[in-house]
Amino acid sequence: MSRRRGVMSEQFKAELAKDLGFYGTVQQEGWGGIRTKDAGNMVKRAIQIAEQAVSKPPQS
């Protein structure tokens with residue numbers, strides 16, 4: 001069974017974790033150490049950022 005490759009870059013995930021306040025857990029325990037709620041909040045925030053990027057008018 002193969003592992004599915006992540007969609008978000010490690011850098012983007014780290015930035016989200018810092019913004020949401022659980023990056024210390026990631027540093028100490030790795031991504032497997034975060035709570036399910038934190039992972040969900042991270043996905044929600046990534047979607048918000050993507051929606052904002054899509055809704056911005058193109059820059060000339």
Side-chain angles (χ1 to χ4, degrees):
M1 194 162 158
S2 65
R3 290 198 88 158
R4 192 170 167 174
R5 195 168 68 170
V7 177
M8 289 189 267
S9 71
E10 287 296 315
Q11 180 181 355
F12 186 54
K13 289 192 304 186
E15 288 176 24
L16 290 172
K18 288 174 187 175
D19 289 344
L20 296 171
F22 58 88
Y23 187 66
T25 302
V26 173
Q27 287 182 309
Q28 291 177 355
E29 302 176 33
W31 290 107
I34 67 171
R35 299 177 306 165
T36 303
K37 182 177 180 179
D38 291 333
N41 287 337
M42 192 167 76
V43 171
K44 274 199 257 184
R45 183 66 185 125
I47 291 169
Q48 288 173 342
I49 291 169
E51 287 175 340
Q52 289 171 354
V54 169
S55 67
K56 285 185 181 177
Q59 294 183 4
S60 301

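In what follows, every heavy atom counts, from backbone to side chain, and hydrogens, waters and symmetry copies are set aside. Sequence positions, counted from 1, serve as the residue numbers for this chain.
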Could you tell me which residues satisfy salt bridge (Lys or Arg N to Asp or Glu O under 4.0 Å) with E29, sequence neighbours excluded, listed by chain and number? none
Using atom types as modelled, flag every donor-acceptor pair under 3.5 Å from a side chain in residues 37-51 to any protein atom, sequence neighbours excluded.
{"from": "D38", "atom 1": "OD1", "to": "R35", "atom 2": "NH2", "distance (Å)": "3.1"}
{"from": "D38", "atom 1": "OD2", "to": "R35", "atom 2": "NE", "distance (Å)": "3.2"}
{"from": "N41", "atom 1": "ND2", "to": "K37", "atom 2": "O", "distance (Å)": "3.4"}
{"from": "R45", "atom 1": "NH1", "to": "Q48", "atom 2": "OE1", "distance (Å)": "3.2"}

Quick check: closest heavy atoms across Y23 and A14, and the distance to 0.1 Å? CE1-CB, 3.7 Å
Salt bridge (Lys or Arg N to Asp or Glu O under 4.0 Å): pairs with one or both residues in residues 13-22, sequence neighbours excluded: E10-K13
